[in-house]
There are 2 protein chains.
Amino acid sequence: MNNKISTKKLAEVHELFKLLSNPTRIQMLVLLEDHPMNVGQISDELKIEQSAASHQLAMLKKHQLVSNVRDGKSIYYQLDDPHIMDIVNEGLAHSDHVVRGVKHGN
Amino acid sequence: MNNKISTKKLAEVHELFKLLSNPTRIQMLVLLEDHPMNVGQISDELKIEQSAASHQLAMLKKHQLVSNVRDGKSIYYQLDDPHIMDIVNEGLAHSDHVVRGVKHGN
DNA sequence: AATACATATGATATTATTTTCATATGATAT
DNA sequence: ATATCATATGAAAATAATATCATATGTATT
């Protein structure tokens with residue numbers, strides 16, 4: 001009997017999945033899985049405005065999915081929670097199945 | 001080098017995490033992890049309107065996270081993808097840590 | 001076949017998220 | 001100290017998600 005989730009835990013998991021439910025933020029996390037990148041590199045790579053990138057990165061940072069460090073003029077972002085990538089990668093694996101049309105037992 | 005996600009896969013993972021980024025839907029999945037339930041039972045348990053429950057269940061069904069089967073007047077919903085619950089449970093485990101204030105290495 | 005019960009559906013209203021734009025801040029170089 | 005480059009921030013505008021309400025559909029009961 002696994003049901004009945006505490007309100008706090010529910011709010012927290014809500015926050016987490018909200019963060020993951022945005023294509024830009026997912027792409028950011030996947031990019032950063034390779035190596036830290038600064039804001040300019042990220043917005044270039046994802047072809048989004050500097051400001052939009054900055055807003056999204058701020059959200060990820062606020063909820064401690066990434067951290068940042070300044071190097072001269074630019075600010076480098078990096079992953080700050082390896083566990084999250086397990087979840088992201090499971091999500092991607094699932095999506096891969098769906099896209100390929102692989103069905104599970106009914 | 002794990003970056004560069006196909007547009008389709010990105011759209012799909014977006015759909016998936018959107019579905020999971022709603023407290024009501026998470027609770028539904030957790031409830032159904034135990035056993036199938038009909039719409040009335042679900043809306044009672046979660047204290048939401050019949051119509052709201054129905055709308056949310058329709059979304060979960062559309063993306064094949066649940067399936068349903070009629071039994072007389074009522075319609076029973078059940079989980080239709082065990083993998084998803086791995087993701088949900090990882091999310092919940094993470095949230096549990098966050099709520100308890102456990103920090104990961106920085 | 002009329003009524004009641006369970007669920008679904010469509011339209012609208014409400015609320016939340018995301019983008020955009022303008023501008024601010026902080027660091028470096030001249 | 002001024003100019004320039006990189007990033008952040010606030011507010012408004014644009015877009016998306018959710019709840020609500022009214023009603024429709026499908027099944028069972030009389």
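Chain identifiers are assigned alphabetically (A, B, ...) following the order of the sequence lines, protein sequences preceding nucleic acid strands; residue numbering begins at 1 within each chain.
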- Nearest whole angstrom, please: distance from the C1' of D:dA19 to the CG of B:Leu57. 15 Å
- Give B:Tyr76 one of three labels, base, sugar-phosphate or nothing, depending on what nucleic acid heavy atoms sit under 4.0 Å from its own. nothing
- Task: Would you indicate which nucleotide in C:dA8, C:dT20, D:dT20 comes nearest to any side-chain atom of B:Glu49?
- Result: D:dT20
- Message: Measuring to OP1 and OP2 of D:dA19, would you say a side-chain N or O of B:Gln56 lies under 4.0 angstrom away?
- Response: yes
- Would you mind reading off the distance between A:Asn38 atom CG and D:dA8 atom C1', rounded to a whole angstrom? 14 Å
- Query: Could you give the CZ-to-P distance, from A:Phe17 to D:dA17, as a whole number of Å?
  - Reply: 17 Å
- Task: State whether a side-chain donor-acceptor pair under 3.5 Å links A:Asp71 with A:Tyr76.
- Result: no
- Among the clusters formed by ILVMFWY side chains lying less than 4.5 Å apart, do A:Met59 and A:Val30 turn up in the same one? yes
- Message: Counting the atoms with a prime plus P, OP1 and OP2 as sugar-phosphate, which does A:Ser54 contact under 4.0 Å by heavy atoms, base, sugar-phosphate, or nothing?
- Response: base
- Task: Round to the nearest Å and state the distance from B:Asp71 atom CG to C:dC5 atom C1'.
- Result: 14 Å
- Message: Quick check on D:dA8: is either OP1 or OP2 less than 4.0 Å from any side-chain nitrogen or oxygen of A:Tyr77?
- Response: yes
- Polar pair under 3.5 Å, donor/acceptor by atom type, side chain B:Gln50, base C:dA6: no
- Is the B:Phe17 ring parallel, tilted or perpendicular to the A:Phe17 ring (thresholds 30°, 60°)? parallel
- Item | Pair assignment for DNA chain C - dot-bracket with | for other-strand partners, Watson-Crick or G-U under 3.5 Å | ||||||||||||||||||||||||||||||
- Quick one: B:His55 NE2 to D:dT20 C1', roughly how many Å, whole number? 8 Å
- Ignoring backbone atoms, test whether B:Asn22 places a side-chain nitrogen or oxygen under 4.0 Å from the OP1 or OP2 oxygen of D:dT18. yes
- Task: Could you give me the CA-CA distance, side-chain angles and deciding distance for B:Lys18 and B:Glu15, then say whether salt bridge (charged side-chain N to carboxylate O under 4.0 Å, His left out) is met?
- Result: CA-CA 5 Å; B:Lys18 261 198 310 194; B:Glu15 275 312 319; 3.2 Å; yes
- Message: When you measure from the side-chain N and O atoms of A:Arg70 to the phosphate of D:dA6, is any distance below 4.0 Å, counting only OP1 and OP2?
- Response: no
- Query: What integer distance in Å separates B:Leu60:CG from C:dA8:P?
  - Reply: 12 Å
- Item | Donor-acceptor pair under 3.5 Å, B:Ser51 side chain vs D:dC21 base | yes
- Query: Can you tell me how far OG of A:Ser74 sits from CG of A:Asn68, rounded to the nearest 0.5 angstrom?
  - Reply: 11.0 Å
- Note on the structure: Between NZ of B:Lys73 and C1' of C:dA4 the distance, given in whole Å, is 6 Å
- Item | Distance (rounded to the nearest 0.5 Å) between A:Gln50 CD and A:His55 NE2 | 8.5 Å
- Which one, D:dT9, C:dA8, D:dT18, comes nearest to the side chain of B:Asn68? C:dA8
- With B:Val66 as reference, evaluate B:Gln56, B:Lys61, B:Gln78 under the side chain to side chain contact (heavy atoms under 4.5 Å, CB included) test and give the passing residue. B:Lys61
- Query: Can you check the A:Lys62 NZ to D:dG10 P distance for me, whole Å?
  - Reply: 12 Å
- Query: Are the side chain of A:Arg25 and the backbone of A:Leu19 linked by a donor-acceptor contact shorter than 3.5 Å?
  - Reply: yes
